[in-house]
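Here is the structure we will look at.
Residue numbers start from 1 in every chain, and the chains themselves are labelled A, B, ... in the order their sequence lines are given, proteins ahead of strands. Since this is a predicted model, take the numbers as computed values, not measurements.
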2 protein chains.
Amino acid sequence: MEEGYHQEDRTVFDLIKGLIKSLRLFQNESVFCENITFVQFCILDYISSAEGQLGMSSLHSLLGVEKSTTTRLAAPLIKQNLLMRVASSKDSRAVELKMTREGEKVHNAVWACMKRFIEDCRQSIPDTDRKDVISSVNMFIHSLENCCRRDRNCC
Amino acid sequence: MEEGYHQEDRTVFDLIKGLIKSLRLFQNESVFCENITFVQFCILDYISSAEGQLGMSSLHSLLGVEKSTTTRLAAPLIKQNLLMRVASSKDSRAVELKMTREGEKVHNAVWACMKRFIEDCRQSIPDTDRKDVISSVNMFIHSLENCCRRDRNCC
DNA sequence: TTTTTTAGTTGTAAAATACAACCAATGCAT
DNA sequence: ATGCATTGGTTGTATTTTACAACTAAAAAA
């Protein structure tokens, strides 16, 4: 009983290592596509999904990083004129990020590129398993997030 | 048909974003546990699994990073006397990393800590779904790796 | 009205990561 | 045996992500 659980602990850890390794392609720090990084593309994508405008604090929640990190991640996109900062009408402390016309173009171009990669992924998974895979990966993500939320005195 | 595929592209991309977000806890750059980072722990773990000794080029394959990165990642572990460099008997260019007694202690301590986290993860997933989840996440990892291997002129 | 919380920026700093360049050892082709 | 290609690994250089602390000002709560 104890032995079986031990083995499964190892299996879960191997999954985590495997995921980190295979997802590293996306988190590669060098320029990813159209002169932006993968995380920067994610930002454009979140804003695109929010009808072209999103508050910094919403964005920081979506990204799951510190507020300071969100400021730094958005800065190159503002500099490249893919996003613009807009004062919030509701709270004068707050800033909203708005997609520019240029930002839409870059978002679309990178998404077109991304789709080719995703289609390859999809084709690697048999049709019959696909829904199970999607459902199970979501379940795994939620279990990871569950654990991240708990108080810990270590790790 | 086209519409359905489009929607599924989005779903896969959302999975990738979700995974990157939830795995970020591990890749947090601050010290993770026992004065080492998560990736450094992975290195100790790979070496532990290889009976305490592993070549640099094997390690760089397992990690999925550039050789230069492997050198940098191992350096703090050598400095902290958790690993030691050993010349290869087969190829005088090659270096092998050997676990020290201290390294074993740290590896065991961090693994004990890691197990608590993994047990939480495991408990979040219903018993009935667990094997499916493990199998499906593995399938997803393999499909990502499949795509990473293909030649690309972009991304 | 006062205190607490929140929004976001900036200073500072660390870790991971890559590419180029390099040197020497090994493997391969002739 | 010789010459060329490949491999093993390091170092220089540089970028991105990321966090914590400190700060200011606005909003919310007591």
Side-chain angles (χ1 to χ4, degrees), chain A residues 17 20-43 54-80 83-98 148 155, chain B residues 17 20-43 54-80 83-97 148 152 155:
Chain A
K17 284 193 289 188
I20 287 177
K21 180 178 176 181
S22 52
L23 291 165
R24 189 174 274 123
L25 172 81
F26 297 100
Q27 300 178 93
N28 213 340
E29 74 183 23
S30 57
V31 167
F32 163 67
C33 186
E34 298 278 338
N35 201 35
I36 65 173
T37 65
F38 178 76
V39 176
Q40 288 165 354
F41 172 69
C42 289
I43 292 175
L54 192 63
M56 287 286 274
S57 77
S58 302
L59 180 59
H60 123 257
S61 294
L62 289 166
L63 291 171
V65 296
E66 288 285 323
K67 295 182 288 178
S68 54
T69 303
T70 306
T71 300
R72 319 282 188 177
L73 291 170
L77 296 169
I78 295 164
K79 188 171 180 177
Q80 294 184 55
L83 295 178
M84 63 196 298
R85 293 163 59 95
V86 170
S88 171
S89 50
K90 292 166 179 166
D91 181 338
S92 52
R93 297 174 296 179
V95 166
E96 305 224 323
L97 296 173
K98 187 174 180 179
C148 290
C155 300
Chain B
K17 284 193 288 187
I20 286 176
K21 180 177 176 182
S22 53
L23 291 166
R24 188 173 278 119
L25 171 81
F26 297 101
Q27 299 177 94
N28 212 342
E29 74 182 26
S30 56
V31 168
F32 163 67
C33 185
E34 299 281 336
N35 202 35
I36 65 172
T37 65
F38 179 77
V39 175
Q40 287 164 355
F41 172 69
C42 288
I43 291 174
L54 193 63
M56 288 284 276
S57 78
S58 301
L59 180 59
H60 124 259
S61 292
L62 288 166
L63 291 171
V65 295
E66 287 288 322
K67 296 181 286 175
S68 53
T69 302
T70 305
T71 301
R72 319 283 185 172
L73 291 171
L77 297 170
I78 294 164
K79 188 169 179 179
Q80 294 185 54
L83 295 178
M84 61 195 299
R85 292 163 59 96
V86 171
S88 170
S89 51
K90 291 168 181 165
D91 181 338
S92 52
R93 296 172 295 179
V95 165
E96 305 224 321
L97 297 173
C148 291
R152 308 191 158 276
C155 297

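For B:Arg93 and C:dC23, the shortest distance from a side-chain N or O to OP1 or OP2 is not below 4.0 Å. At C:dA15, none of the side-chain N or O atoms of B:Gln40 fall inside 4.0 Å of OP1 or OP2 (strictly under the cut-off). Phosphate proximity of C:dG8 to A:Ser57: present, with a side-chain N or O under 4.0 Å from OP1 or OP2.
Out of D:dT10, C:dT17, D:dT17, the shortest distance to the side chain of B:Leu73 is found at C:dT17.
Each of B:Leu73, B:Thr70, B:Ile36, B:Thr37 was evaluated against B:Ile43; a single residue qualifies, B:Leu73, per the side-chain contact (heavy atoms from CB on, under 4.5 Å) test.
Atom CE in A:Met56 sits 11.0 Å away from atom CD in A:Glu96 (nearest 0.5 Å). The distance from atom CZ of B:Phe41 to atom NZ of A:Lys17, rounded to the nearest 0.5 Å, is 7.5 Å. The distance from atom CG of B:Leu62 to atom NZ of A:Lys21, rounded to the nearest 0.5 Å, is 6.0 Å.
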Go through it in stages, so that I can follow the logic: the residues are A:Arg85 and A:Leu97, the test is side chain to side chain contact (heavy atoms under 4.5 Å, CB included), and I'd like the CA-CA distance, side-chain angles, deciding distance and then a yes or no. CA-CA 5 Å; A:Arg85 293 163 59 95; A:Leu97 296 173; 4.2 Å; yes
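Straight-line distance from the CD1 atom of A:Ile20 to the C1' atom of C:dA16: 12 Å, rounded to whole Å. Distance NZ (B:Lys79) to C1' (C:dA15): 14 Å, rounded to an integer number of Å. Atom-to-atom, NE2 of A:His60 to P of D:dT18 comes out at 13 Å; the value is rounded to the nearest Å. Residue B:Leu54 contributes atom CG, which lies 15 Å from atom C1' of D:dG9 at whole-angstrom precision. Distance A:Gln80 CD to D:dT15 P: 14 Å, rounded to the nearest Å. For the pair B:Asp91 CG and D:dT10 P, the interatomic distance rounds to 13 Å; values are reported in whole Å. If you take CG of A:Leu97 and C1' of C:dT9, they are 13 Å apart, rounded to a whole angstrom. When the P atom of C:dA16 is taken as reference, atom CD1 of B:Ile36 falls 10 Å away, rounded to whole Å.
Within 4.0 Å of A:Glu96, counting heavy atoms only, lies no atom of the nucleic acid at all.
A heavy-atom distance below 4.0 Å to DNA chain D is reached by these residues of residues 65-72 of chain A, ordered by number: A:Val65, A:Glu66, A:Ser68, A:Thr69, A:Arg72.
Closest approach of A:Glu66 to A:His60, counting heavy atoms only: C-CD2, 4.1 Å. What you find for B:Pro76 and B:Gln40 is that their closest heavy atoms are CG-NE2, 3.4 Å.
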